[in-house]
Structure formats: structure tokens, C-alpha cells
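Everything quoted here is computed from the prediction, not taken from an experiment. The sequence lines fix the lettering, A, B, ..., with proteins before strands; numbering per chain opens at 1.
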Amino acid sequence: MSSNLGITSRETNYSEWYNELVLKADLADHSAVRGCMVIKPHGYALWELMQRALDDMFKATGHVNAYFPLFIPRSFMEKEAEHVEGFAKECAVVTHHRLKANPNGPGLIPDPDAKLEEELIVRPTSETVIWNTYSKWIQSYRDLPLLINQWANVVRWEMRTRLFLRTSEFLWQEGHTAHETYEEAEEEALTILNECYARFCEEWMATPVLKGIKSKNEQFPGADHTYCIEALTQDLRVIQAGTSHHLGQNFAKAFDTKFVDRDNTLKYVYATSWGVSTRLVGTLIMVHSDDKGFVCPPKLAPFQVVIVPMGRDEETRAKTVGASEEFAAQLKAKGIRVKVDKREKESPGFKYNYWELRGVPVRIELGPRDLDSGALPISRRDTGEKTTVALAEVVAHCEMLMTDIQSALLARATAFRDANTKRVDTWAEFEAAFSGEGGAGFVVAHWDGTPETEELIAEKTKATIRCIPLEPLLPSDNEPGVCILTGKPSARRVVFGKAY
RNA sequence: CGGGAUGUGGCUCAGUUUGGUAGAGCGCUGCGUUCGGGACGCAGAGGUCGUGAGUUCGAAUCUCGCCAUCCCGACCA
């Protein structure tokens with residue numbers, strides 16, 4: 001019994017299940033630095049696949065990549081009032097540029113003679129450095145639109161962290177665009193939301209998302225308004241998977257970014273910014289995985305197929321390993337990422353559990369009996385179903401499983417989401433829905449539209465408005481009603497949930 | 001920053017009450033036997049018991065300080 005492959009069940013303790021899964025599936029590890037994680041090769045391979053898919057989408061919608069510095073002068077952070085308020089309390093600050101031997105004891109101390117004239121902030125997000133730069137680049141309407149993305153790390157000094165879901169340092173992409181008009185910026189923010197983020201979640205992560213707009217309380221500090229995609233986890237909490245902000249002219253004004261328009265008048269540009277992070281990895285885990293470990297959609301799986309050759313004696317082993325390599329080559333030729341697990345010490349049963357824990361979508365068992373009988377047992381990770389497939393059909397079968405598992409996962413997650421979306425019309429029902437420890441799914445209810453009511457509801461139930469859907473989930477959601485708490489008029493239903 | 005808990009081989013923990021010079025399981029290394037759902041035997045390696053001071057003939061164990069981590073709250077992609 002190897003204790004290294006078992007994890008706590010979701011039912012026993014969901015949060016422990018998640019933590020153990022991340023560690024034991026070799027996705028990430030805790031680091032020596034509080035709140036930061038080490039992304040292990042298996043987890044990083046997954047992130048790279050996500051990056052590639054998203055990057056292609058950004059390029060396809062006309063964006064280019066660039067890189068801006070990690071450090072931001074303190075004075076830049078002070079320029080946009082709401083932005084300051086939103087981020088100031090979680091900034092890491094660089095104050096010195098040199099260490100020296102401690103004159104009063106062992107070790108090193110920051111050299112008092114090397115104190116920075118102006119402190120540098122480790123970016124919590126890059127709007128300020130980028131807008132400082134853009135103001136130099138943008139002179140004319142001919143310079144617009146400016147459509148730039150960067151892949152970077154950022155630091156937000158979080159009080160409580162969890163691997164992938166919230167770490168003090170995380171990896172992400174941040175797009176920053178400049179436009180002539182409000183409408184153009186609006187279109188940009190929505191294009192990213194619809195054409196990139198929501199599509200990525202559904203087509204690659206097999207994760208249905210709710211597209212919406214954030215309430216004023218929840219929007220990005222410095223934004224005119226914020227769009228978001230929200231997903232539902234298996235413990236019925238709501239997780240924000242990505243955001244796209246229309247920044248209006250707030251940053252243009254703060255950084256004095258003006259352009260000469262076609263009519264020869266000086267105008268402030270309109271801006272957007274948008275981002276998704278390594279939190280997507282956490283989201284992916286929470287949406288699909290089970291008590292045996294990670295369940296990964298084929299399109300994002302670092303290994304899509306694992307082949308386990310059997311046999312102990314030299315002769316048998318040479319035969320099964322040889323045949324495995326042959327199948328692997330054929331699968332690779334079809335663009336499938338394959339692993340042949342040739343380890344000799346581990347038993348086949350151990351390997352099954354090992355790869356199931358790590359989320360490989362398809363497993364092929366290859367032993368002497370199979371070669372004799374001319375068919376291989378092939379198992380799918382999502383359902384556990386095992387079928388026997390004729391040797392000649394193996395490659396085609398694997399190809400079929402790639403698309404089949406991908407769509408089955410989306411269908412399953414969508415059914416789960418739908419089954420856990422409910423409409424509530426009275427305060428008693430609302431309170432009851434959120435009375436338990438965990439989440440309550442998407443709770444669709446009327447709200448009078450005021451921040452005060454939103455805060456009051458959050459105080460009483462811990463539930464917050466996750467978003468105001470862009471399109472009603474049901475047509476009737478857009479009919480007027482009365483607020484769940486105050487009884488005041490409400491134009492439409494909004495989505496409540498317990499947030500991650 | 002409040003409230004609670006915990007620090008002992010790589011990991012999970014026992015030993016602390018009643019002080020006597022460090023243990024188990026898993027993992028790791030080697031050899032042999034095994035291989036179709038978490039294999040087994042034998043032989044090994046590996047620990048200044050978080051840290052500093054104190055009490056004592058003697059401290060993982062008792063006392064005080066410090067540090068770190070985890071859980072619960074306030075903050076958050």
C-alpha cells in the first residue's frame with residue numbers, strides 16, 4: 001500500500017481533496033517563500049498548453065505581445081485614485097538596491113547607503129507603467145487602436161493563499177489596449193470576453209462559464225465597468241475565471257494620454273485591460289476532477305495517452321515495450337501526446353493509479369496476451385470505462401476518444417451547472433440556500449441595484465453578486481420583479497453565489 | 001492583526017503526562033523473487049528532536065523567549 005497515490009475524497013473534505021490533488025498529481029508544490037508556489041513540470045506543461053491556445057486567440061483578434069517591467073515607481077501607483085485604493089494594501093515594495101554584511105552580527109542587511117530615492121512597487125498589475133509608456137507612444141488617431149498583450153508574473157500580497165487559486169505571485173496575461181472611442185473600447189472588451197475567454201473555457205477547458213458584468217462593488221479598481229466569466233466548482237462555489245475591463249478614460253486622464261483626432265482636436269483615449277491567470281489551472285481541477293485525482297480535458301492534457309507495457313522476462317518485455325513504442329509513434333504522428341511508462345520496478349496496477357491521479361485521459365494496457373489475441377484494453381479517465389480494441393483500430397479509437405472525452409466533460413459540467421442554478425424569490429428561501437457551509441450554486445434573484453443592499457446581503461449570508469448576466473439564463477430572468485431583501489423594484493435578476 | 005493548534009529522518013506520525021541519551025509505517029539505495037488494478041523478502045542509508053537561553057548529574061520530554069507553519073476570522077484574480 002503506497003500512501004502516495006491516495007487522496008482525501010471530495011465528500012470527506014473538499015478543500016483537503018483539492019490541496020492533496022494538486023500536490024500528489026505533481027502539478028505544484030509549496031515554496032520556501034510564504035504564499036508562493038513552485039509550478040512543477042507537469043503543471044507547467046498544462047499552463048503552457050493554456051498559454052498557447054490563448055495566445056493564438058489573441059493573435060487571431062489582432063493583438064501583439066510585448067513586455068513591460070516588473071517594477072513600478074511608487075509615484076505611478078498614486079495617479080489613479082481608485083486604482084491606488086484597490087491595490088495599495090497588497091503591494092510588495094522595493095526600498096534598497098544593495099545588501100551588506102551586518103556590522104552588528106551575522107548575516108546581511110539592506111545597505112542604508114543604498115536606499116532608493118523613490119521606492120519601486122512589484123507590479124500587482126501593469127496599468128500604470130503601461131499607460132505611462134502609452135502616453136509617449138500615442139500622438140494621433142493613426143496610432144490607434146493599440147492592441148498589446150503581455151505574459152508576465154504579478155505579485156499581490158495575499159493574507160491567505162491556496163495553490164493556483166490564490167498565490168502571492170502568479171502567472172497571467174494582461175492585455176492593454178487604447179482606442180479612439182468609447183464604443184470601440186467596449187467592442188474590444190466584449191470581443192476578448194466572448195471570442196477569447198469564454199471560448200477558451202468551453203472549447204479547451206470543457207468548462208461552461210457565465211458571462212456577465214460586475215456590480216460596482218466587485219469591479220476592477222479604476223474601471224468604468226468590468227466584464228467577467230464565472231464558473232461553478234463541484235462544491236458549488238463560484239469562481240471568477242477571467243475579467244475584461246472597460247477603463248473608460250480613467251487611465252488616459254491619470255497619465256495624460258491624448259491623441260489628435262480626425263477633426264484635429266485633442267482627445268483622451270479610451271482603454272481596456274483584461275486578464276486570465278494560473279487560477280485557470282485551479283478552476284480546471286475543481287470543475288472536472290474526481291476522488292482518484294486529476295481529470296484533464298484531452299486538449300489541455302500534457303500526456304493524452306499513456307501506454308503501460310506488461311511482462312517481466314526479457315523476451316516478453318522486449319516484445320511489449322517494442323509494440324508500445326510502435327503505437328506511440330503512430331499516435332504521435334496523429335498529433336497525440338503519448339507516454340510509454342517503461343518503468344520496471346512498478347507494477348501495472350500501480351501505474352494505472354499513478355496516471356489516473358495525474359489526469360491522463362486515455363490508458364492503453366499492452367501485454368503478451370493482448371498481442372496474441374490481437375486487441376488492446378483501452379480505458380478512459382473520465383468514466384473509467386474500459387473497452388477492447390483491435391490492434392488495427394487502436395490509433396483511430398484514441399483519436400475518437402480525444403474528441404469524445406472533451407465533449408463528454410463539457411456536457412457533464414454543463415449539466416452540473418444547470419442542475420445547480422436556481423431561482424429564488426423570497427428572503428427566507430435565499431437565506432436557506434446559503435445557510436450551509438459550502439456553496440449554493442448559482443442563485444438567480446432580484447436585487448434593487450444599490451451597493452448598500454448588496455453589502456447587506458453579503459453580511460447576512462456571505463453571498464455576493466457574482467455577475468449581472470449579459471444574456472438572461474432564462475428569458476424570464478429579464479422581467480422586472482422586487483428585490484429579495486428590500487422589496488424595492490428590480491429590473492432583472494442577477495446571479496448570487498459564494499465566491500472563491 | 002485577533003482566536004486556536006502544531007513543529008521529531010524525504011512524507012505521515014508515536015515518544016512528552018512520570019526527564020535516562022530516538023522509534024514505526026511509507027518513501028529512498030542495493031540484491032533477489034514478482035508484474036493483467038496500489039507486489040514481496042533480505043540487507044542498508046538517513047535525525048544538532050524548529051530555535052535561543054534556563055533548570056538538572058542528565059532535556060525531544062520541564063520553564064521562559066523567539067521563529068515558522070497550518071486552521072478559523074477581516075482583505076482578495
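Between A:Ser15 and A:Lys292, it is A:Lys292 whose nearest contact on RNA chain B lies nearer the 5' terminus. Heavy-atom nearest nucleotides on RNA chain B were determined for A:Asn19 and for A:Arg279, and the one closer to the 5' end corresponds to A:Asn19.
Taking atom P on both B:rU48 and B:rG3, the two are 35 Å apart, rounded to the nearest angstrom. When the C1' atom is compared between B:rU51 and B:rC67, the two are found 7 Å apart, to the nearest whole Å. B:rA59 and B:rU21 are spaced 9 Å apart, taking the C1' atom of each and rounding to whole Å. As rounded to the nearest Å, B:rG50 and B:rA60 have P atoms that lie 10 Å from one another. With both ends at atom P, the span from B:rA24 to B:rC42 equals 14 Å, rounded to whole Å. Nucleotides B:rG9 and B:rG54, compared at atom C1', are 28 Å apart to the nearest Å. Between B:rG23 and B:rA14, the two C1' atoms lie 7 Å apart (nearest whole Å). Comparing B:rA45 with B:rG37, their P atoms are spaced 36 Å from each other, to the whole Å.
Note on residues 122-132 of chain A: pairs passing side-chain hydrogen bond (donor to acceptor under 3.5 Å, both in side chains), not counting sequence neighbours, are A:Tyr67-A:Arg123, A:Arg123-A:Asn153, A:Thr125-A:Glu127, A:Ser126-A:Gln150, A:Ser126-A:Glu174, A:Glu127-A:Ser273. Listed by first then second residue, pairs satisfying salt bridge (charged side-chain N to carboxylate O under 4.0 Å, His left out) with a partner in residues 28-46 of chain A read A:Asp26-A:Lys40, not counting sequence neighbours. A ring pair (Phe, Tyr, Trp, His ring centres under 6.0 Å) check over residues 363-382 of chain A, counting only residues at least two apart or in different chains, returns nothing.
Computed from coordinates, the A:Trp157 CH2 to B:rA77 C1' distance equals 17 Å when rounded to whole Å. Here the P atom of nucleotide B:rC40 and the CZ atom of A:Phe350 are 12 Å apart, to the nearest Å. Atom-to-atom, CG of A:Leu23 to P of B:rG27 comes out at 18 Å; the value is rounded to the nearest Å. Across the protein-nucleic acid pair, A:Glu90 atom CD and B:rC1 atom C1' stand 16 Å apart, rounded to whole Å. The distance from atom NE2 of A:His30 to atom P of B:rC11 is 12 Å, rounded to the nearest whole Å. Between A:Lys24 atom NZ and B:rC11 atom P there is a gap of 13 Å when expressed in whole angstrom units. Computed from coordinates, the A:Ile229 CD1 to B:rA77 P distance equals 14 Å when rounded to whole Å. With rounding to whole Å, A:Glu385 atom CD is found 18 Å from B:rG37 atom P.
Note on ring orientation: taking the six-membered ring where Trp is involved, the planes of A:Tyr14 and A:Trp17 are tilted (angle from 30° to 60°). Ring geometry for A:His63 versus A:Trp274: interplanar angle over 60°, hence perpendicular rather than tilted (30 to 60°).
Seen from the ring of A:Tyr354, A:Arg358 counts as a face-on cation partner, given the 6.0 Å and 45° thresholds.
Picking from B:rG73, B:rG36, B:rG37 the nucleotide with the shortest atom distance to the side chain of A:Met310 gives B:rG36. Here the nucleotide nearest the side chain of A:Lys462, chosen from B:rG73, B:rG37, B:rA77, is B:rG73.
A sub-4.0 Å separation between OP1 or OP2 of B:rA39 and a side-chain N or O of A:Ser347 is present. Contact annotation: A:Lys345 side-chain N/O to B:rC28 OP1/OP2 distance is under 4.0 Å.
Contact annotation for A:Lys214: no contact, since no heavy-atom pair falls under 4.0 Å across all strands. Contact annotation for A:Leu165: base contact, defined as any heavy-atom pair under 4.0 Å involving a base atom. Note on A:Thr167: a base of the nucleic acid sits closer than 4.0 angstrom, heavy atoms only.
Listed by residue number, the members of residues 354-378 of chain A with any heavy atom below 4.0 angstrom from RNA chain B are A:Glu356, A:Arg363, A:Glu365, A:Gly367, A:Pro368, A:Arg369, A:Asp370, A:Pro377.
The existence of a salt bridge linking A:Arg74 and A:Glu78 is confirmed by a sub-4.0 Å separation between a basic side-chain nitrogen and an acidic carboxylate oxygen.
Aromatic stacking is marked for A:Phe170 over B:rA77, as both cut-offs hold: 5.5 Å for the centres and 30° for the planes.
Listed by chain and residue number, nothing satisfies the salt bridge (charged side-chain N to carboxylate O under 4.0 Å, His left out) test with A:Arg52 (two or more places apart in sequence, or in another chain). Residues passing the salt bridge (charged side-chain N to carboxylate O under 4.0 Å, His left out) test with A:Asp341 are A:Arg343, A:Lys351, sequence neighbours excluded. Not counting sequence neighbours, the partners of A:Lys214 by the salt bridge (charged side-chain N to carboxylate O under 4.0 Å, His left out) test are A:Glu230.
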Could you go through residues 384-392 of chain A and list every donor-acceptor pair under 3.5 Å that involves a side-chain atom there, pairing it with any protein atom two or more places apart or in another chain?
unit_1, atom_1, unit_2, atom_2, d
A:Lys386, NZ, A:Glu365, OE1, 3.4
A:Lys386, NZ, A:Glu365, OE2, 2.9

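For RNA chain B, the stems formed by at least three consecutive Watson-Crick or G-U pairs, with both atom-pair distances below 3.5 Å, span B:1-7 with B:67-73, B:10-13 with B:23-26, B:28-33 with B:39-44, B:50-54 with B:62-66.
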